[in-house]
Amino acid sequence: MNLRLLLIGTTMLATLSIVSAEMPRAAARDEVRTWADRLGWPPGKRVVIFHADDIGMCYEANLAAQRALTRGYYRSAAAMAPCPWFNEMAAWCVAHPEHDVGLHLTLTSEWRFYRWGPVAAREKVKGLLDPLGYFFRDVGSVARSATAEEVAAEIRAQLARARKLGMQPSHMDTHMGTVYARGDYTLAYLQTAMEEHIPAMVIDMTPRTIEKFKKQGYPITENTIKMLTRYTLPKLDDFHSIGEGKTYAEKRQKLLEQLRLFPPGLHEIIYHPSIETEGLKKITNSWQQRVWENELLADPIVQRFIKENELIVTDWKEVMARFKKTSPRDFKANP
């Protein structure tokens, strides 16, 4: 009898040991949740914001985005407030408030002849100006010259211009990644987003994304990670851009392969659509890629691929609507 009790007790202890060992692992699995999960999409789903950048830069970009948003080829875009055709895009947004159009915060002016400068008073943002009075062409020159206070002033001025025109930006992101060039720029960007309650393009910093963006040259430090952790609005699980192709068919195939490899989570993928004109060809030598990017999301093959691979298409307006309905407990950082 004593031997039997001893055997039962030993078995129970062994079972408890196994259960105890498994509980932390199970808890850890439960804790690691994507932003798609937290925002209420079904677990394990791939949710994608297809996002048109550089709208407002020129007429060709505006027309491309307006047609695509109206026809439902994609649902999200962002416009550049300092650029010549921003006012026309802002007027379209006022007439079509149902669409998701944000601000593509612009601190550079990269093209050879087609240039723009700050929205803020020039005497307040002298560090953002090149010798000709335009924005610098490249991010490095901005980072060496402009103060964080000047960057913050220009961000605020671009938001004020949009609102003065009647536009209510649904989100904010960054042209050429300039707001991530320095930690103090990033802080100005995040603070504006949180104070205005306008979601910014912010990526959740996990070991995988930290490694990915460090390899791309972004100065991700411990301080940057802390700042992004304290950001209180929705984040992306990852961020992507459509790559170049030597032909349209090659470019499309690259996009399909890129989408196929998306892991579960909330993703944004950007591109720069424009209609083809002789004017566009004079602005940028990337005109062919931009014309193809205008065609990609309207392509029946791409649209069919999105449906067959069960990619859920969303936009920043829906992201924020879900965020407002969700408990704060859902937004604790992953361990």
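For this chain, numbers begin at 1 and follow the sequence in order.
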Least distance between heavy atoms, [X] atom then [Y] atom:
{"X": "Pro82", "Y": "Gly117", "result": "CB-O, 3.3 Å"}
{"X": "Glu318", "Y": "Val313", "result": "OE1-O, 4.4 Å"}
{"X": "Ala64", "Y": "Asn294", "result": "CB-OD1, 3.3 Å"}
{"X": "Leu159", "Y": "Ile198", "result": "CD1-CD1, 3.9 Å"}
{"X": "Ala181", "Y": "Val139", "result": "CB-CG1, 3.5 Å"}
{"X": "Ala162", "Y": "Leu103", "result": "CB-CD2, 4.0 Å"}

Under 3.5 Å, is there a donor-acceptor pair between the side chain of [X] and the main chain of [Y]?
{"X": "Asp237", "Y": "Leu266", "result": "yes"}
{"X": "Asp138", "Y": "Gly140", "result": "yes"}
{"X": "Trp116", "Y": "Thr108", "result": "yes"}
{"X": "Arg75", "Y": "Ile49", "result": "no"}
{"X": "Thr70", "Y": "Gln66", "result": "yes"}
{"X": "Asn62", "Y": "Trp85", "result": "yes"}
{"X": "Arg112", "Y": "Thr284", "result": "no"}

Is it true that [X] and [Y] fall in one hydrophobic cluster, defined by side-chain heavy atoms closer than 4.5 Å?
{"X": "Val101", "Y": "Ile275", "answer": "yes"}
{"X": "Leu233", "Y": "Leu105", "answer": "yes"}
{"X": "Leu129", "Y": "Met80", "answer": "no"}
{"X": "Trp41", "Y": "Leu259", "answer": "yes"}
{"X": "Met176", "Y": "Val142", "answer": "no"}

Could you give the distance from [atom1] ([X]) to [atom2] ([Y]), rounded to the nearest 0.5 Å?
{"X": "Leu228", "Y": "Leu190", "atom1": "CG", "atom2": "CG", "value": "6.0 Å"}
{"X": "Tyr248", "Y": "Glu295", "atom1": "OH", "atom2": "CD", "value": "6.0 Å"}
{"X": "Tyr218", "Y": "Thr186", "atom1": "OH", "atom2": "OG1", "value": "10.5 Å"}
{"X": "Ile283", "Y": "Ser274", "atom1": "CD1", "atom2": "OG", "value": "8.0 Å"}
{"X": "Glu268", "Y": "Ser76", "atom1": "CD", "atom2": "OG", "value": "6.0 Å"}
{"X": "Arg322", "Y": "Trp35", "atom1": "CZ", "atom2": "CH2", "value": "13.5 Å"}

Aromatic rings His99 and His96: how do their planes relate, parallel, tilted or perpendicular, breaks at 30° and 60°? tilted
Relative to the ring of Phe262, is the ring of His267 parallel (under 30°), tilted (30 to 60°) or perpendicular (over 60°)? parallel
Do the side chains of [X] and [Y] get close enough for a salt bridge, i.e. N-O under 4.0 angstrom?
{"X": "Arg260", "Y": "Glu257", "answer": "yes"}
{"X": "Asp315", "Y": "Lys317", "answer": "no"}
{"X": "Asp37", "Y": "Lys45", "answer": "no"}
{"X": "Glu222", "Y": "Lys226", "answer": "no"}
{"X": "Asp299", "Y": "Arg304", "answer": "no"}

Do [X] and [Y] have side chains that get closer than 4.5 Å, going by heavy atoms?
{"X": "Met167", "Y": "Trp92", "answer": "no"}
{"X": "Arg115", "Y": "Arg137", "answer": "yes"}
{"X": "Ile242", "Y": "Ile270", "answer": "no"}
{"X": "Asp54", "Y": "His104", "answer": "yes"}
{"X": "Met57", "Y": "Tyr114", "answer": "yes"}
{"X": "Glu154", "Y": "Val119", "answer": "yes"}
{"X": "Phe50", "Y": "Tyr271", "answer": "yes"}
{"X": "Ile301", "Y": "Leu256", "answer": "yes"}

Answer yes or no for Lys251 and Trp292: cation-pi contact, defined as NZ/CZ to six-membered ring centre under 6.0 Å and angle to ring axis within 45°. no
Lys281 and Glu276: salt bridge (Lys or Arg N to Asp or Glu O under 4.0 Å), yes or no, with the steps? CA-CA 8 Å; Lys281 294 175 184 180; Glu276 182 176 348; 3.2 Å; yes
Would you please test Arg144 and Phe136 for side chain to side chain contact (heavy atoms under 4.5 Å, CB included) and show each step? CA-CA 11 Å; Arg144 289 188 292 272; Phe136 290 101; over 6 Å; no
Might you work through the ring pair (Phe, Tyr, Trp, His ring centres under 6.0 Å) test for His51 and Trp316, ending with a clear yes or no? CA-CA 10 Å; His51 191 276; Trp316 281 105; 7.8 Å; no
Partner of Tyr180 under ring-ring contact (aromatic ring centres under 6.0 Å, His included), picked from Tyr185, Tyr189, Phe213, is Tyr189
Using salt bridge (Lys or Arg N to Asp or Glu O under 4.0 Å), reason through Glu293 and Arg290 one step at a time and then give a plain yes or no. CA-CA 5 Å; Glu293 287 170 16; Arg290 290 169 183 258; over 6 Å; no
How about [X]: does its [atom1] atom have over 12 heavy atoms from other parts shown lying under 6.0 Å from it?
{"X": "Glu310", "atom1": "CD", "answer": "no"}
{"X": "Glu250", "atom1": "CD", "answer": "yes"}
{"X": "Tyr59", "atom1": "OH", "answer": "no"}

Check step by step if side chain to side chain contact (heavy atoms under 4.5 Å, CB included) holds for Ser286 and Trp111. CA-CA 10 Å; Ser286 67; Trp111 309 124; 3.9 Å; yes
Before you tell me yes or no, could you show the steps for Leu165 and Arg161 under side chain to side chain contact (heavy atoms under 4.5 Å, CB included), namely the whole-Å CA-CA distance, both residues' side-chain angles and the distance that decides it to 0.1 Å? CA-CA 6 Å; Leu165 293 169; Arg161 170 176 280 183; 4.1 Å; yes
Working for side chain to side chain donor-acceptor pair (under 3.5 Å), residues Thr192 and Glu196: CA-CA 6 Å; Thr192 303; Glu196 298 292 339; over 6 Å; no
Hey, mind stepping through Thr209 and Asp204 against side chain to side chain contact (heavy atoms under 4.5 Å, CB included) and telling me if it holds? CA-CA 7 Å; Thr209 54; Asp204 200 15; 5.7 Å; no
